[in-house]
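So you know, we letter chains A, B, ... as the sequences are listed, proteins then strands, and number each from 1.
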Amino acid sequence: MTSAYNPINIYNLTVLKAAKNWCKHGFIEKDQLGAIRQTYAVPLYHPNSLIRILLFVATLFALSGATGFFTLIVADSGRIFISLACIVYGLASFYAVEKFFIAKNHYKSGVTEAIIYHSCGFVIGGLGGISDFNTHILLWSCLVIFSFAAFRYLDLVCTVCAIGSLAGILFFEFYSLDGIFKQIIPFVFMLGFAPVYFISKKLSQRVDLKLWRNNLLILEVVSLLLIYVGGNYLVVRELSVELMGLAIEEGADIPFAFIFYTTTVLFPVIYLFFGIKNKDIILLRVSLILIAFSAFTFKYYFSLGHPEITLTAAGIILIVTAISVMHYLKKMRNGFTRENLLTERWGNMNAEAFLISQTMGGNQTSLNKSDLPGGGQFGGGGSTNDF
Amino acid sequence: MTQDTPRELFEKGFINEEQFGKIEAITSGKIVSVFYELKSLLYLGVMLFTGGAGILIYKNIGELGHLISIIALSILTIICFWYVMAHAKAYSHKSVKPSTPYYDYITLLGCLLFVSVQGYLQFQYGFLTDNLGYITLLTTGLFFFVAYRFDHLGILSLAITALASFWSITVSPQKWYSGDFFSGSHLYKTAIIFGSVLSVIAIGLDKKAIKKHFTFTYLNFCMLIFFVGAIVGLFSGGWWGIYVLIIYAGCAFAYYMARWEKSFLFLLYAFVAGYLATTFLLAKTALAESIELWSLYSIASCGGFIYFIIKYRNHFKQND
């Protein structure tokens, strides 16, 4: 089974995108870009994000109409029949998207995604219906269908769902086996997703799999996260209490607590270390996020009270770290630079300005006089304080 | 786009060698930009800090007033010292002109603020009650360093005062006037020793030509402390004979210093102390009985002194 798209078209599209980016940052000239455009022309219909969202929503509406029609037909039939009909409907939708849209050179146009998700939903729902929504069957069908969609249509959301269902399967299987198997679920996650990470990393280097580069990237990130989640103290403890009815007295701790403290601290640090060593930007970014989460985990259980002091101190630490690294990287060191080399999709000055204005600007409401026990009003940054 | 795309474009002639080099370095991951990570960290840090600080201030503004004042004063002190260090001229054994007109004042401000912050801390929180000795020593060391490094006479005075107060000697004329000569008993002995030792040091430094312009200040303080200590010793009880001798020795020293530094002030010290000592001596011995001899003595001694000064005024040119 291969991708539904023409690999050459997809490749050319990526080249075009990259070339546009280079031209925007002044690495190549406009006429060079023009020449590349000519040679690498693609007939694909791939609109920008905004239009994709619009098309997606519009298609969902249209689909709901079609589904309504479908419902009318199969209503009042038995459960098995409805489920089978759903599966057929789903498969028919898959076929439809390939014949009517992808064949017409749609590539991730919003329309295709809507139909693909719609189809996935119906097939999985149908399979679930047949088995009377047995979790086991549901999870496995999720895995199969999402993997199929991810692979065939290069869809990233389906990739995430696929790996999510894999995690779900692992969790559920071990959970239902009970006894010792319940205890070792965290270790299963940690040990199970490590090979997933390394394999996807290896595969993303292969040239013949270049079509699935982004999917493999998602796999890398999610597997890194799941490895960490498997060892995170907060997750393990809360899930143990919730799902396994583990009762923890005052001052007592979950079994193997020491291991989980260690992994909560160690994993982000290891990620960071290897991220810097191998200049792997994915590891770097994930490690930063996870360091924050680990800090939160520890604060959750070992807070010294006074969250405002924690906040202020954390703020100071972050500012000092950022400024010292910026200062350290004034010249390029070991290939790390603080300059903005090639913009990324979401890294937009407008977006940043908007974000800042929303969180730190004068949009925050001041507290009402009646809300305060003591004297004085206090407003967020940008609004007035009077005492 | 793959890792080979730049090379492919280069070989097909779409980009030239130089562009290829630059682009390849980035896409192959040889150069990695952490621009957005750093910006996000900074942004997050600023947000957390302002949020936390805001809540802190809101919750604690009552008790915070003093703390904020202390912190503000400390920051101001640090700024003063930073400024002084940044604009400092090189060290020299000779007198150094300040680099800007207000340089000396900022140095002085910094040192005074330092003392104020200490005082504030002690008053508000009683931080230093147990360690008053150490903190005074620290202040002394700092002031001596500042005085020598940045060539500031005023701070030298502060330093000597601090050193004296370390030994519990108050060097303030106001306190002496109110009768509280020394805060403890037997401090006059400390004063005498302190005065002598420091003047020896001062003369030593002068001989080595290290900041000769400081010597006058040193001697001034030393003599004051020495004489006051000796005089108190004189009045304090037994062994006044020893103290008389000590005072005479001090007078001789002061006389020589007056000649050497060409300062009338030292001569004045010598005179006052010597006169006190002599009068005391005489009172205890010869003039115990008769009043008339007293009057005679007063006229004779002062008259003689005035005559002496006028006759030999050339010897005592005031050092300006």
Side-chain angles (χ1 to χ4, degrees), chain A residues 11 14-15 17-19 22 27-29 32 35-36 39 205 207 210 213 278-281 284-285 288 292 306-323 325-326 329 332 335-342 344 347 352 355-356 359-360 374 376 378 380-381 385 387, chain B residues 1-65 67-69 71 75:
Chain A
Y11 175 70
T14 59
V15 172
K17 274 189 180 170
W22 299 337
F27 283 101
I28 64 174
E29 304 297 319
Q32 287 171 309
I36 297 180
T39 323
Q205 312 282 8
V207 184
K210 62 185 180 217
R213 267 299 219 42
N278 302 335
K279 294 220 275 280
D280 187 340
I281 197 87
L284 256 182
R285 291 203 178 142
L288 287 180
H306 299 293
E308 61 270 4
I309 298 188
T310 317
L311 276 182
T312 320
I316 296 179
I317 293 176
L318 281 182
I319 294 178
V320 167
T321 314
I323 294 188
V325 174
M326 276 197 207
L329 288 181
M332 187 160 71
F336 279 106
T337 167
R338 66 176 192 178
E339 299 304 318
N340 181 11
L341 289 178
L342 290 173
E344 304 172 349
E352 182 185 345
L355 200 58
I356 290 179
T359 47
M360 301 205 282
F378 175 75
N385 311 357
F387 291 94
Chain B
M1 185 189 79
T2 63
Q3 294 243 12
D4 296 326
T5 307
R7 172 167 297 278
E8 180 188 316
L9 287 175
F10 170 59
E11 274 157 14
K12 290 200 185 154
F14 286 108
I15 56 179
N16 62 38
E17 175 120 39
E18 186 199 330
Q19 292 168 329
F20 166 65
K22 283 198 226 157
I23 294 176
E24 227 253 312
I26 299 174
T27 56
S28 67
K30 284 210 208 52
I31 300 184
V32 169
S33 162
V34 286
F35 178 72
Y36 280 103
E37 284 74 18
L38 288 175
K39 272 191 117 179
S40 316
L41 272 185
L42 197 56
Y43 169 70
L44 202 61
V46 170
M47 236 189 26
L48 288 179
F49 176 73
T50 50
I55 301 177
L56 257 180
I57 293 179
Y58 171 67
K59 276 193 170 177
N60 299 313
I61 190 67
E63 303 126 38
L64 223 48
L67 192 60
I68 289 182
S69 307
I71 291 179
I75 290 178

query = How far apart are the C-alpha atoms of A:Gln32 and B:Leu9, what are their side-chain angles, what is the distance that settles it, and do they pass the side chain to side chain contact (heavy atoms under 4.5 Å, CB included) test?
reply = CA-CA 10 Å; A:Gln32 287 171 309; B:Leu9 287 175; over 6 Å; no
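- Both the backbone and the side chain of A:Ile36 come within contact range of chain B, with heavy atoms under 4.5 Å apart.
- The most heavy-atom pairs under 4.5 Å with chain B, out of A:Val207, A:Leu318, A:Thr39, A:Thr312, come from A:Thr312.
- Only the side chain of A:Leu284 comes within contact range of chain B, with heavy atoms under 4.5 Å apart.
- The number of heavy atoms from other shown groups lying within 6.0 Å of CD (B:Glu11) is above 12.
- Counting heavy-atom pairs closer than 4.5 Å to chain B, the top residue among A:Leu288, A:Val325, A:Ile28 is A:Ile28.
- Per-residue counts of heavy-atom pairs under 4.5 Å with chain A were compared for B:Glu8, B:Lys22, B:Lys12; the largest is that of B:Glu8.
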message = Please evaluate residues A:Trp22 and B:Ile26 with respect to the criterion side chain to side chain contact (heavy atoms under 4.5 Å, CB included), reporting the C-alpha separation (whole Å), side-chain torsions for both, the decisive distance (0.1 Å), and the verdict.
response = CA-CA 11 Å; A:Trp22 299 337; B:Ile26 299 174; over 6 Å; no
ask   = For B:Leu38 and B:Leu42, what are the C-alpha separation, side-chain angles and deciding distance, and is it a side chain to side chain contact (heavy atoms under 4.5 Å, CB included)?
value = CA-CA 6 Å; B:Leu38 288 175; B:Leu42 197 56; over 6 Å; no
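- Atom OG1 of B:Thr5 is separated from atom CD of B:Glu24 by 10.5 Å, given to the nearest 0.5 angstrom.
- Between chain A and the residues B:Leu41, B:Ile31, B:Leu48, B:Val32, the most heavy-atom pairs under 4.5 angstrom are made by B:Val32.
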